[in-house]
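Every value quoted in this text rests on a predicted model; they were computed, and no experiment measured them. First the proteins, then the strands, lettered A, B, ... as listed; each starts at 1.
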2 protein chains.
Amino acid sequence: MSSNDHLCGCHGSMQSCVSIVPIFNHLQPPQMETIMKAVRTRTFKKGESIYRAGDFSDTLYIVHKGKIKTYRLAESGKEYLVSVLHPGDFSGEYALFSESIHESYAETLEPSEICTIQRKDLQGILEKYPEVALKILGEFSRKLEQSEKQTAYFATERVESRIALYLADLQRQQGERLVKLPMSRKDLAAHLGTTPETVSRKLADLESGGYIRQHSPKKLEILDLDGLLA
Amino acid sequence: MSSNDHLCGCHGSMQSCVSIVPIFNHLQPPQMETIMKAVRTRTFKKGESIYRAGDFSDTLYIVHKGKIKTYRLAESGKEYLVSVLHPGDFSGEYALFSESIHESYAETLEPSEICTIQRKDLQGILEKYPEVALKILGEFSRKLEQSEKQTAYFATERVESRIALYLADLQRQQGERLVKLPMSRKDLAAHLGTTPETVSRKLADLESGGYIRQHSPKKLEILDLDGLLA
DNA sequence: TCTCATTCTTGACTGCCATCAATTTCTTTT
DNA sequence: AAAAGAAATTGATGGCAGTCAAGAATGAGA
């Protein structure tokens with residue numbers, strides 16, 4: 001644990017995480033102030049671990065700067081990459097209301113700043129500001145829908161379709177023909193339930209089919225979105 | 001829609017759904033009374049549709065009696081069975097806080113009674129009783145964890161392991177060596193992302209390996225739980 | 001800019017599981 | 001209880017994708 005803990009004294013020039021998170025950013029400034037008091041900021045180097053499976057879980061983690069990935073490990077050692085979190089995204093949610101042991105791992109993909117709120121502080125916040133609970137409910141239901149859809153893809157689509165659907169989703173998020181993959185082939189494979197080799201091959205197939213163009217391993221151009229999803 | 005709508009006047013001999021649902025059953029009787037006023041009960045025959053993908057979604061469905069399945073259909077027509085809901089379980093949650101169009105289907109597996117609450121009524125309840133929101137948050141985080149775990153199984157485990165894990169889970173839920181499968185081979189296959197044929201074969205393999213015993217298609221005996229999960 | 005480690009791609013082969021088809025077993029109906 | 005229909009099993013075959021291995025491309029760091 002070489003990370004750097006300190007109270008967040010960033011009420012001045014520095015922008016607090018609180019104001020960029022969907023679950024808090026609708027609040028009035030004075031309310032935000034209250035929440036900021038419960039927030040601590042930690043900085044991490046690239047590739048550092050934030051939490052691991054088996055760790056006691058009583059903290060909500062909000063990404064302020066950087067990029068973190070959460071993943072699970074099967075007994076076989078095979079990895080499933082759950083998500084890549086960008087600034088404003090949060091994790092650690094489950095344990096806040098029920099279980100208290102992490103089943104997944106979280107580590108930074110880049111140097112990052114993470115804001116944390118302790119469970120007991122969050123519970124106080126929820127009691128004081130019930131509208132935050134409603135925001136979190138909305139966020140949870142979105143994640144649940146997303147997770148269910150992802151599972152459905154695994155159950156019903158073959159690898160090439162899962163890749164195509166992933167690319168289409170990325171395109172939708174980023175809004176440009178030229179999309180930037182936020183992770184390596186290995187991580188992408190771990191997210192889509194396949195192998196780096198197969199990802200390579202299927203991307204090559206999509207390219208020779210005229211659906212995409214690979215400018216570099218992480219820069220892809222979507223040429224035919226409809227064809228991709230057909 | 002041949003189902004039978006009526007207001008739930010069941011304050012007497014008949015037990016209301018409200019008192020059996022985890023998200024409400026912690027409330028005091030007078031508060032429950034308030035909620036019951038917003039509840040309607042509908043009865044369905046076996047195999048009847050409750051909602052379909054594309055339907056407008058503004059209702060929470062709580063199973064009172066019977067058994068219902070929720071599923072998604074891929075464009076190919078391939079089905080992913082999301083869940084089988086038993087009395088006390090609920091569905092339709094997503095739309096209550098964000099989206100408003102169903103992406104999945106729900107239909108009864110047996111003659112069933114379903115209690116419904118309209119979105120606007122539920123929102124009133126959440127404002128009046130914030131502790132209900134916290135209950136739902138807990139329920140959501142449990143479902144989210146479960147869904148994530150399920151996805152991880154798809155990504156990292158082969159079919160035989162997924163079946164074994166499913167059986168182990170069933171065993172844990174039912175608490176007896178003799179477990180009752182709540183669905184057909186076809187539905188089980190649709191839940192585990194495989195085919196009825198493969199389910200048959202793998203169950204036969206598990207049986208000849210001495211891990212389980214098949215008394216009838218839906219009655220299985222777990223002989224070696226640890227071996228199953230190894 | 002050059003170098004080196006890492007990541008990515010391509011090839012050959014294998015195996016798991018889907019598909020199609022034919023019985024057999026179970027369940028439901030009359 | 002018998003018969004019809006539905007569900008489950010078993011067999012044969014093929015294809016998708018995983019594994020192992022070698023070579024090419026990328027990009028991070030000096």
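Counting only heavy atoms from C-beta outward, the side chains of A/Lys69 and A/Glu107 approach each other to under 4.5 Å.
Place B/Lys46 and B/Arg158 on DNA chain C by their nearest nucleotides, and B/Arg158 ends up nearer the 5' end. Along DNA chain D, the nucleotide nearest A/His215 and the nucleotide nearest A/Glu197 are compared for position; the residue whose nucleotide lies closer to the 5' end is A/Glu197. Each of A/Lys218 and A/Thr195 was assigned the nucleotide of DNA chain D with the nearest heavy atom; the assignment lying further toward the 5' end belongs to A/Thr195.
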Just distance, no hydrogens or angles: give the donor-acceptor pairs under 3.5 Å from side chains in residues 164-171 of chain B, sequence neighbours left out.
{"unit_1": "B/Asp169", "atom_1": "OD1", "unit_2": "B/Arg172", "atom_2": "NH2", "d": "2.7"}
{"unit_1": "B/Asp169", "atom_1": "OD2", "unit_2": "B/Gln173", "atom_2": "NE2", "d": "3.3"}

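Using a 4.0 Å heavy-atom criterion, one finds that A/Lys78 contacts no nucleic acid atom at all. Within 4.0 Å (heavy atoms only), B/Gln214 reaches sugar-phosphate atoms of the nucleic acid but no base atom. Using a 4.0 Å heavy-atom cutoff across all strands shown, B/Ser216 reaches no nucleic acid atom at all. Within the nucleic acid shown, B/Ser184 comes within 4.0 Å of sugar-phosphate atoms alone, with no base atom in reach, counting heavy atoms only.
The nucleotide range of DNA chain D contacted by chain B, defined by atoms under 4.0 angstrom from heavy atoms of the protein and reported 5' to 3', is D/dA8 to D/dA12. Contacts between chain A and DNA chain C, taken as any atom within less than 4.0 angstrom of a protein heavy atom, begin and end at C/dC8 to C/dA12.
With sequence neighbours excluded, no residue satisfies side-chain contact (heavy atoms from CB on, under 4.5 Å) with A/Ser208. Every side-chain contact (heavy atoms from CB on, under 4.5 Å) that B/Lys67 has, sequence neighbours left out, goes to B/Val84, B/His86, B/Leu109, B/Glu110, B/Pro182. Here B/Thr194 pairs with B/Val159, B/Ala189, B/Leu192, B/Thr198, B/Val199 under the side-chain contact (heavy atoms from CB on, under 4.5 Å) rule; sequence neighbours left out.
Closest non-hydrogen pair, A/Glu48 versus A/Thr43, comes out as OE1-O, 4.5 Å.
Between A/Phe154 and B/Tyr80, the distance separating the two ring centers is not shorter than 6.0 angstrom.
In this structure, A/Glu113 does not pair ionically with A/Arg42, as no charged nitrogen and carboxylate oxygen lie closer than 4.0 Å.
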